[in-house]
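Written below as C-alpha cells is the structure these notes are about.
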Amino acid sequence: MTAPVVAPLRLAWRGSAPLTALAVLMAGLLAVCAVGLAVDDRTVLGQPVWLKPAKFAASFVIYALTLAWLLARLRRGRRWARWAATAVAVISVLEVAIVAFQAARGRPSHFNEATPLDAALWQSMGLMIMVLWAGTLLITIALWRDPPTDRALAWGVRLGLVLLLLGLLEGLFMVVPTRAQLDLDAHGAETLMGAHAVGVADGGPGLPLVGWSTTGGDLRIGHFVGIHALQATILAAMLLGRLVADPGRRTRLTFVFAGAYAGLLALVTWQALRGQPLLDPDRATLIALAALVAAAAGATALAWRR
C-alpha cells in the first residue's frame, strides 16, 4: 500500500479506529457487491439486487473516513466524541448487514413488512437510524466546539455537519406510507409501507447507478445531497485556502458556498415532493434554480468585495 493511502488511513485510525475499520469493511463489501452486480441478474423493485448494498457501502466509506479524519484533530471532548463514533460504527455495520442480508434473499430491505422477519428487520433499521443520527449529533457538537484552527475550514466543517444532519432527517419523508399502500394494507395485500418515489410507485425506470426515478419525484436525491454536504463544504474551504489569501474573504466565501448548497438541498427536496423527476424540471423549479444561482453569484461578489 503506497504512502498516499497509508498516511490518511493512519490519521483516520488515530481519530477513530472503529470508524476507520468501518470504512475498510465497507470497502470490502463494495468489492463483493461489484462481483454480485456482475454475476447476479436478480432484481428488487426494478433495480439490480446488489445495487443498494453497493451504494450504502460506498456512502459509508466516505462518511466514516471523513468523520475519523476530523476527530483526529479534536483537542477537547475527545473521549465522549470517540464513544459516539464507536456507537455510530457499530450501528452502521448492523444496518448495512441487514441491507446486504435482504439483498441476498432478493427482498426489499426498506419499508418491507410483508413477513414477520421482514418487519422485524425493517423496524430494527428504524431504531438504528435514530441511534446513528444521535451519534452524529454528538460528534457534531464536539467538532462545533473544537473545529480546525483555520477559520474558513472550521465553518466549512460546522455548516457541513448541520447539513449532514438535515440530510439524514430527510429519510423521515420516505417512511410515510402512501394512500395506495394504506389501501392495499387495509385489504390484506402484501405491500411496502413507505416509498422513495413520489407520484409513482417504487421500482420504475431510474437513472443509471443511482436508480433515482426518471418518471416521478425521488426523495433519495435530497437525502444524498444532504449526507454528503460535509465533504462538499470541506473541499470548498480547502480549495478556497489554495486560491484566496485573505482569511476573512475565505470565510465569507465558505458561508456563501454552504448557503448555496443548503439552497440546492431545499430545491431538490421541493422538486421531489412535487413528484417531479430530477432531469425533467418544470418552470417553477427552473425559476427557483435561476434565483438560487443569481443569489449565490451576488453573495459571492459581495463577499469578495467587502
Side-chain angles (χ1 to χ4, degrees), residues 5 8-37 44 47-72 81-104 108-110 121-122 124-140 143 157 160-161 163-171 174 196 209-212 219-235:
V5 176
L9 283 177
R10 284 178 177 171
L11 180 62
W13 187 268
R14 191 167 77 241
S16 173
L19 283 176
T20 308
L22 169 65
V24 173
L25 182 62
M26 291 298 107
L29 175 61
L30 183 59
V32 172
C33 291
V35 175
L37 286 168
V44 173
Q47 297 294 321
V49 72
W50 292 104
L51 181 60
K52 177 171 282 190
K55 292 190 293 183
F56 268 69
S59 184
F60 271 110
V61 168
I62 299 170
Y63 168 85
L65 286 179
T66 304
L67 289 184
W69 176 72
L70 291 172
L71 289 173
R82 287 182 175 179
W83 275 110
T86 300
V88 165
V90 172
I91 288 298
S92 300
V93 169
L94 294 175
E95 181 184 358
V96 179
I98 292 175
V99 173
F101 174 69
Q102 289 291 73
S109 56
H110 288 64
L121 291 174
W122 167 233
S124 298
M125 289 180 67
L127 294 174
M128 292 173 191
I129 292 168
M130 293 173 61
V131 175
L132 176 66
W133 192 89
T136 305
L137 175 62
L138 290 176
I139 295 172
T140 298
L143 291 169
V157 169
L161 283 165
L163 292 172
L164 163 62
L165 290 171
L166 291 175
L168 289 172
L169 284 177
E170 288 231 359
M174 306 180 199
H196 301 129
L209 294 180
V210 291
W212 299 336
L219 296 167
R220 291 174 295 183
I221 301 169
H223 186 57
F224 174 86
V225 171
I227 62 176
H228 293 297
L230 179 58
Q231 291 79 36
T233 54
I234 288 175
L235 289 174

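Just so it is clear, the model here is predicted, and its values are computed rather than measured. Along the sequence shown, residues carry numbers from 1.
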- Item | Heavy-atom side-chain contact between V99 and H110 under 4.5 Å | yes
- Candidates V131, V93, L132, L138 - the one meeting side-chain contact (heavy atoms from CB on, under 4.5 Å) with V88: L132
- Query: Atom CG in L29, atom CG in L22: separation rounded to 0.5 Å?
  - Reply: 10.5 Å
- Query: Between E170 and L219, what is the shortest heavy-atom contact and its length?
  - Reply: OE1-O, 4.1 Å
- Message: Just verifying a value: how many Å separate I227 CD1 and T136 OG1, rounded to the nearest 0.5 Å?
- Response: 10.5 Å
- Backbone N/O of Q102 and side chain of S109: donor-acceptor pair under 3.5 Å: no
- R220 side chain near V210 side chain, heavy-atom distance below 4.5 Å: no
- Item | Student check: side-chain heavy atoms of V96 and P53 closer than 4.5 Å | no
- Query: Closest approach of V61 and A23, non-hydrogen atoms and distance?
  - Reply: CG2-O, 3.4 Å
- Message: I need the minimum non-hydrogen distance between L71 and A85, along with the two atoms involved.
- Response: CD1-CB, 3.7 Å
- Item | Residue pair L161 / L67, side-chain heavy-atom distance below 4.5 Å | yes
- Item | Parallel, tilted or perpendicular, as decided by the 30° and 60° cut-offs, for the rings of Y63 and F60 | perpendicular
- Of the non-hydrogen atoms in K52 and H196, which two are nearest, and what is the gap between them? NZ-CE1, 3.6 Å
- Item | Separation between CE of M26 and CG of L19, rounded to the nearest 0.5 Å | 11.5 Å
- Item | T233 and V157, any side-chain heavy atoms less than 4.5 Å apart | no
- Query: CG of L51 to CG of L209: how many Å apart, nearest 0.5 Å?
  - Reply: 7.5 Å
- Determine whether R10 and W13 make a side-chain contact, defined as any pair of heavy atoms from C-beta on separated by less than 4.5 Å. no
- Query: Is a side-chain N or O of R14 found less than 3.5 angstrom from the main chain of W69, in a donor-acceptor match?
  - Reply: no
- Rounded to the nearest 0.5 angstrom, the CZ-OG distance for F224 and S59 is 7.5 Å
- Item | Interatomic distance, L230 atom CG to L70 atom CG [nearest 0.5 angstrom] | 6.0 Å
- So which heavy atom on P18 is nearest to which on T86, and how close? CG-OG1, 3.5 Å
- Task: Kindly say whether S16 contributes a backbone atom to a donor-acceptor pair with the side chain of R82 at under 3.5 angstrom?
- Result: no
- Note on the structure: Smallest heavy-atom separation, I139 atom then A81 atom, equals CG1-O, 4.1 Å
- Message: Within the structure provided, determine whether S124 and M128 are in side-chain contact (heavy-atom separation under 4.5 Å).
- Response: yes
- Item | Side-chain (W133) to main-chain (L165) donor-acceptor, under 3.5 angstrom | yes
